[in-house]
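See below for the structure under consideration.
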Amino acid sequence: MVLEYEVEEREIVRRGSEGDTKEAFDFSSKVTFYKKNAKETQSLLSQVSSSQITPSQDCKEIVESQCKYSLESDSDSENASISPGKYDISSYSFQLDPGQSKKQNIKRTYFACQKNPEQLKTSNLNEHITSILEVLEKNSHSQGEKWRAFAYGKAIRVLKNAKFKVNSVEDAKKLHGIGLKIQEKIQEILETGQLRRVQLESSDERTVTFNLFSQVFGAGPATVTKWYSQGFRTLEDLKQKAKLTYQQEIGLAYYEELQQKIPREEVTQIGKIVSDTAIAIVPGLKVVVCGSYRRGRQECGDVDILMTHKKTNCLTDLLPRIIQELEKVHFLTDHLTKIENTDKYMGVCQRAPGMPHRRIDIKLFPRHEWACALLYFTGSGHFNRSIRLWARKLSMSLSEHALVRRYSETEKGEPVPVKSEQEIFQVLGLKYQAPEQRDI
DNA sequence: TGGCTGTACTG
DNA sequence: CAGTACA
DNA sequence: GCCA
């Protein structure tokens, strides 16, 4: 049923429960890219499949020779299905052997980039715990303990996705990602309704200040630590005494505004402004609002806009022209990246005078990278990390540019010519997830 | 005990 | 290069 | 902080 991965569990490990094995092996994977010296792949595959790839097939070559898909071909990539003659990835897939199921449970646990579609979004039954863990996550994060924060984040997701309310440490133990320390914390929460450590930290000047400062755009743990040690405690201190980078100045200037969520409707309007402006300059441009908006959220943290051009691979200086125009009409108010020589823009915009300022990212990708770019820019962040990790385990590497074979840590092959999000899932042997399902 | 995603921009 | 950011 |  569900394929999940260790980092991104959505659910308790229901070992031996019904249905688990059978459907899990409905998993056809792109192991065309199998290579003997790719150690991890080898072990993964030996766990996963007893069927061998025909040794003489250098799959990479085969796939490449059959996959000359044209950049000019104007099938709408978003919903394109694989056209068999041209691009028959499926003929290189292999079926997993159900008999191997038991062994694989090791890695085969649950996988967030491949959650069960029938597992519809339910309300968070463990709000009483997650709300407290979220404080710990935030505190860890602003102090630069990123892996601790990562672990809290994982525990929080797993609790939110649990189908039952955690009423005991025993319940919590069943969830993958909850270890001893978090169990102790859950126990205390269940007994007292709170966590002393959180109470202490919420009145601790250092913690409070770190959290305050780390929400300034451009200020991370290192900067925040420096500011704190210099004796700064308020945003006023920073404005008056701290040495700020340009990004931090902007971040401070719009500190409150940028914390606000953006109603979906406003994101739609912002998207239209950008789209209309851009297409007026460059006819034929394709513009899609991604991020949490594309995942269907009613409120978004920022606006993510992805562009590509149907006709050409050469997009040089296109983005600067668009940015300049958006600036001219007073839509963009501040830049967080330099506007020349970039195809990844970050800035601040305002839909109309008097409206709050909003963070906006605009990225331009060549057509052949569209699928990977769309997948990346739609997220979520956790989803991306999960699917990228899965790709890594298959000795592949997924980025916003391409999906490639990984021959070693540093050596990578030519991109697998995926032209839709569906194909990326297919190549990775994962069931397609609509954007809404990636909101994890 | 080491890995926990992969990339681009800033200064 | 370290730091920060993006999903 | 969790897991293999």
Side-chain angles (χ1 to χ4, degrees), chain A residues 5-9 13 40 43 105-109 113 133 136-137 139-142 144-158 172-173 175-185 214 216-226 243-248 250-251 290-295 300-306 335-347 359-363 365 369 372-393 396-404 406 409 412 435 438-440:
Chain A
Y5 199 54
E6 57 241 81
V7 175
E8 298 286 347
E9 319 63 4
V13 180
E40 285 189 331
S43 67
N105 277 341
I106 333 159
K107 304 251 172 197
R108 188 54 90 77
T109 56
C113 59
L133 294 185
L136 292 173
E137 182 191 18
N139 292 351
S140 304
H141 204 266
S142 46
E145 303 182 277
K146 61 180 252 183
W147 295 119
R148 193 181 310 276
F150 180 87
Y152 281 132
K154 189 158 77 164
I156 290 164
R157 287 195 302 284
V158 118
K173 274 184 190 164
L175 299 165
H176 191 265
I178 298 195
L180 275 179
K181 306 299 246 353
I182 295 183
Q183 282 170 33
E184 286 171 15
K185 291 180 172 68
S214 58
V216 175
F217 184 97
T223 311
V224 169
T225 304
K226 194 180 72 190
K243 191 176 141 207
L244 302 171
T245 66
Y246 183 66
Q247 287 181 336
Q248 289 159 357
I250 309 286
C290 295
S292 51
Y293 180 85
R294 186 159 181 262
R295 299 198 305 273
C300 305
D302 65 357
V303 185
D304 306 298
I305 296 179
L306 188 61
H335 305 314
L336 293 164
T337 52
K338 298 200 173 78
I339 65 170
E340 317 91 22
N341 269 333
T342 181
D343 37 16
K344 305 209 167 188
Y345 172 80
M346 292 193 295
R359 276 279 294 106
I360 184 168
D361 293 344
I362 305 176
K363 315 214 180 193
F365 284 85
E369 294 180 358
C372 290
L374 196 56
L375 189 73
Y376 159 71
F377 218 26
T378 298
S380 67
H382 289 309
F383 175 86
N384 286 350
R385 293 172 76 162
S386 170
I387 195 169
R388 287 175 179 204
L389 185 57
W390 175 246
R392 176 174 263 273
K393 298 299 177 190
M396 301 186 79
S397 174
L398 177 63
S399 75
E400 48 270 52
H401 297 294
L403 176 62
V404 302
R406 186 195 294 272
E409 266 312 301
K412 293 179 184 173
R438 302 177 211 155
D439 195 33
I440 57 176

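Just so we're on the same page: letters track the sequence lines, and every chain starts at 1.
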- Query: Which nucleotide in the list dC3(D), dG6(B), dT10(B) gets nearest to the side chain of T337(A)?
  - Reply: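 It is dT10(B).
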
- Item | Options dG11(B), dC3(D), dC9(B), nucleotide nearest the side-chain atoms of T342(A) |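 Taking heavy atoms from C-beta onward, the closest nucleotide is dC9(B).
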
- Query: With a 4.0 Å cut-off on heavy atoms, is K243(A) in touch with a base, just the backbone sugar-phosphate, or nothing at all?
  - Reply: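 It contacts nothing in the nucleic acid.
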
Whole angstrom is fine here: how far is it from [atom1] in [X] over to [atom2] in [N]?
X       : N      : atom1 : atom2 : result
K393(A) : dG6(B) : NZ    : C1'   : 15 Å
I178(A) : dC3(D) : CD1   : P     : 8 Å
E137(A) : dC4(B) : CD    : P     : 19 Å
I250(A) : dC9(B) : CD1   : C1'   : 15 Å
K338(A) : dA8(B) : NZ    : P     : 17 Å
L398(A) : dT7(B) : CG    : P     : 9 Å
H382(A) : dT5(B) : NE2   : C1'   : 13 Å
I387(A) : dC4(B) : CD1   : P     : 17 Å

- Message: Under the rule for ring pair (Phe, Tyr, Trp, His ring centres under 6.0 Å), what residues qualify as partners of Y345(A), not counting sequence neighbours?
- Response: H335(A)

- Item | Contact state string [nucleotides 1-7 of chain C, B base, S sugar-phosphate only, - no protein heavy atom under 4.0 Å] | --SSSBB

- Message: Suppose you measure atom P in dA4(D) against the same atom in dT5(B); what distance do you get, rounded to whole Å?
- Response: 15 Å

- Who pairs with E137(A) by side-chain hydrogen bond (donor to acceptor under 3.5 Å, both in side chains), at least two apart in sequence or on another chain?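 E137(A) satisfies side-chain hydrogen bond (donor to acceptor under 3.5 Å, both in side chains) with no residue once adjacent residues are dropped.
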
- Task: Report the residues that fulfil side-chain hydrogen bond (donor to acceptor under 3.5 Å, both in side chains) with E184(A), sequence neighbours left out, ordered by chain and then residue number.
- Result: none

- Task: By nearest nucleotide on DNA chain B, pick out whichever of I339(A) and K146(A) is the more 5' one.
- Result: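 The residue closer to the strand's 5' end, by nearest nucleotide, is K146(A).
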
- When the nearest nucleotide of DNA chain B is assigned to W147(A) and to H401(A) on a heavy-atom basis, which residue is associated with the more 5' position? W147(A)

- Query: CZ of R392(A) to CZ of R385(A): how many Å apart, nearest 0.5 Å?
  - Reply: 12.5 Å

- Note on the structure: Taken in chain and number order and not counting sequence neighbours, the residues that satisfy side-chain contact (heavy atoms from CB on, under 4.5 Å) with T378(A) are C290(A), R294(A), R295(A), L374(A), E421(A), P435(A), R438(A)

- Residue list, side-chain contact (heavy atoms from CB on, under 4.5 Å) with K173(A), at least two apart or on another chain: V169(A), E170(A), Q183(A)

- Would you find a donor on one side and an acceptor on the other, under 3.5 Å apart, between the side chain of R359(A) and the backbone of G347(A)? yes

